[in-house]
Asker: 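Got a structure for you, questions after.
Each chain gets a letter, A, B and so on, in the order the sequences are listed, and its residues count up from 1.
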2 protein chains.
Amino acid sequence: MHPRYALVTNQLKKHQIRLSDRRLKILECLCYNLEHPTVDQIYVNLHKEIPTLSKTTIYNTLHTLAELGLIRIINIEDNKTRYDIITESHGHFKCQTCGSIFNFEVDLKFFATDELSGFKIMERNLYFKGICQECLLNKND
Amino acid sequence: MHPRYALVTNQLKKHQIRLSDRRLKILECLCYNLEHPTVDQIYVNLHKEIPTLSKTTIYNTLHTLAELGLIRIINIEDNKTRYDIITESHGHFKCQTCGSIFNFEVDLKFFATDELSGFKIMERNLYFKGICQECLLNKND
DNA sequence: ATTTAAAATTGTAATGATTACAATTTTATT
DNA sequence: AATAAAATTGTAATCATTACAATTTTAAAT
């Protein structure tokens with residue numbers, strides 16, 4: 001079993017949220033699809049296996065998980081939301097050529113600034129955009 | 001005249017983009033409304049003065065300005081895009097209680113990482129979310 | 001095992017931001 | 001004044017997300 005799957009299901013139990021079939025499948029999908037999937041991608045992924053799955057259920061589940069801090073919401077794009085099962089501090093890089101989103105390590109926990117003293121910081125996100133290595137190399141073809 | 005207004009109009013001239021009445025008004029709106037307005041807020045702001053202004057024109061103008069790097073796109077919210085006339089490196093803090101977006105100083109060049117060597121970084125965004133000082137104080141009423 | 005109430009899920013319709021695009025207007029140039 | 005390019009407008013289309021009522025599933029109680 002995927003370690004994050006175990007971790008999240010434990011947390012759900014602790015919060016008395018039922019480990020329904022749908023929720024577990026959506027969670028599994030997030031664990032093995034680390035490409036920061038959108039709701040639509042999750043839907044397409046699971047549709048073969050669960051033809052009756054509704055998008056509303058996916059939205060509901062993701063909201064539940066996000067409220068408990070078990071997944072991260074990524075607003076790197078203007079039009080759609082992406083979801084990330086990795087909740088530890090890290091940054092995102094979006095390639096504007098191929099559309100891929102890469103993770104990179106960065107510890108934002110200790111970033112502080114006087115301007116925000118007195119503010120309660122609950123979420124920290126660092127987003128870069130540009131062109132990834134592969135696309136840069138292909139450009140020269 | 002607002003210094004940023006001068007700066008942006010110069011750049012537009014340099015790129016042979018006409019300083020039309022609509023564009024200048026939208027730009028002016030961005031210069032004096034530093035609350036990171038949405039398209040709709042710009043529309044409402046200007047509607048009294050220019051009743052025939054179309055939202056499409058606002059979208060077009062903002063796209064033009066963004067393409068030239070003269071404004072910044074803020075995707076801190078999931079549903080709508082905000083725009084920022086300040087293009088110098090800084091972070092954004094969104095209060096989840098009152099909805100305000102605050103700027104704070106931070107040099108994002110500082111967050112370089114070996115993992116992205118070979119990547120071309122064109123845009124850097126740091127977004128925090130939480131509760132602002134004022135809302136924290138009001139909570140105790 | 002049956003009953004019952006709460007929770008979860010579904011499907012459809014509504015919302016709201018953004019885009020596409022054709023028609024019209026404005027502008028700069030000849 | 002004529003002309004072509006650029007800018008603007010308004011309407012309709014698109015698409016992600018939400019609202020919500022109806023249905024199904026689940027867990028607990030009898």
Asker: Just the rounded figure in Å: distance from P of dA8(C) to CD1 of Ile50(A).
Answerer: 16 Å
Asker: In this structure, how many angstroms lie between the P atom of dT9(C) and the CG atom of Leu53(A), rounded?
Answerer: 9 Å
Asker: Heavy atoms under 4.0 Å is the rule here; annotate nucleotides 19-24 of chain C 5' to 3' with B where the base is hit, S where only the sugar-phosphate is, and - elsewhere.
Answerer: BBB---
Asker: Without decimals, in angstroms, what is the distance between Arg23(B) CZ and dT26(C) C1'?
Answerer: 12 Å
Asker: Where does the angle between the aromatic ring planes of Phe111(B) and Phe111(A) fall among parallel (under 30°), tilted (30 to 60°) and perpendicular (over 60°)?
Answerer: tilted
Asker: Using whole Å, report how far CG of Leu62(A) lies from P of dT9(C).
Answerer: 12 Å
Asker: Considering only side-chain heavy atoms of Ser54(A), which listed nucleotide, dA7(D), dG10(D), dG11(C), is closest?
Answerer: dG11(C)
Asker: Side-chain heavy atoms under 4.5 Å apart, restricted to Ile/Leu/Val/Met/Phe/Trp/Tyr: what other residues fall into the cluster of Phe110(A), or is it alone?
Answerer: none
Asker: Using a 4.0 Å cut-off on heavy atoms, which residues in residues 79-87 of chain A reach DNA chain D? List them by number, or say none.
Answerer: Asn79(A), Lys80(A), Thr81(A)
Asker: Does CD in Glu105(A) sit with more than 12 non-hydrogen atoms of other residues, nucleotides or ligands closer than 6.0 Å?
Answerer: no
Asker: Starting at atom CD1 of Ile58(B), determine the distance to atom P of dA17(C), rounded to an integer number of angstrom.
Answerer: 13 Å
Asker: Roughly, in whole Å, what's the span from CD in Gln16(B) to C1' in dT29(C)?
Answerer: 14 Å
Asker: Do Lys80(A) and Asp78(B) meet the salt-bridge criterion of a basic N to acidic O distance under 4.0 Å?
Answerer: no
Asker: How many Å lie between CD on Glu77(B) and P on dG16(C), as a whole number?
Answerer: 15 Å
Asker: To the nearest Å, how far apart are Asn75(B) CG and dA17(C) P?
Answerer: 15 Å
Asker: Considering just the side-chain nitrogens and oxygens of Arg18(B), establish if one lies under 4.0 Å of OP1 or OP2 belonging to dA5(D).
Answerer: no
Asker: Quiz question: by atom type and distance under 3.5 Å, do the side chains of His90(B) and Asp107(B) form a donor-acceptor pair?
Answerer: no
Asker: Reckon Thr57(B) touches a base, only the sugar-phosphate, or nothing at all at heavy-atom distances under 4.0 Å?
Answerer: base
Asker: Please test Asn125(A) against Glu123(A) for side-chain hydrogen bond (donor to acceptor under 3.5 Å, both in side chains), starting from the C-alpha separation and ending with a verdict.
Answerer: CA-CA 7 Å; Asn125(A) 294 295; Glu123(A) 237 189 271; 3.3 Å; yes
Asker: Map Asp21(B) and Thr38(B) onto DNA chain C by nearest heavy atom, then report which one ends up closer to the 5' terminus.
Answerer: Thr38(B)
Asker: Do you know the tightest heavy-atom contact between Ile50(A) and Lys25(A)?
Answerer: CD1-CG, 3.6 Å
Asker: Which heavy atom of Asn75(B) sits nearest a heavy atom of Glu77(A), and at what distance?
Answerer: ND2-C, 3.8 Å
Asker: Under a 4.0 Å N-O cut-off, is there an ion pair linking Glu88(A) with Arg4(A)?
Answerer: yes
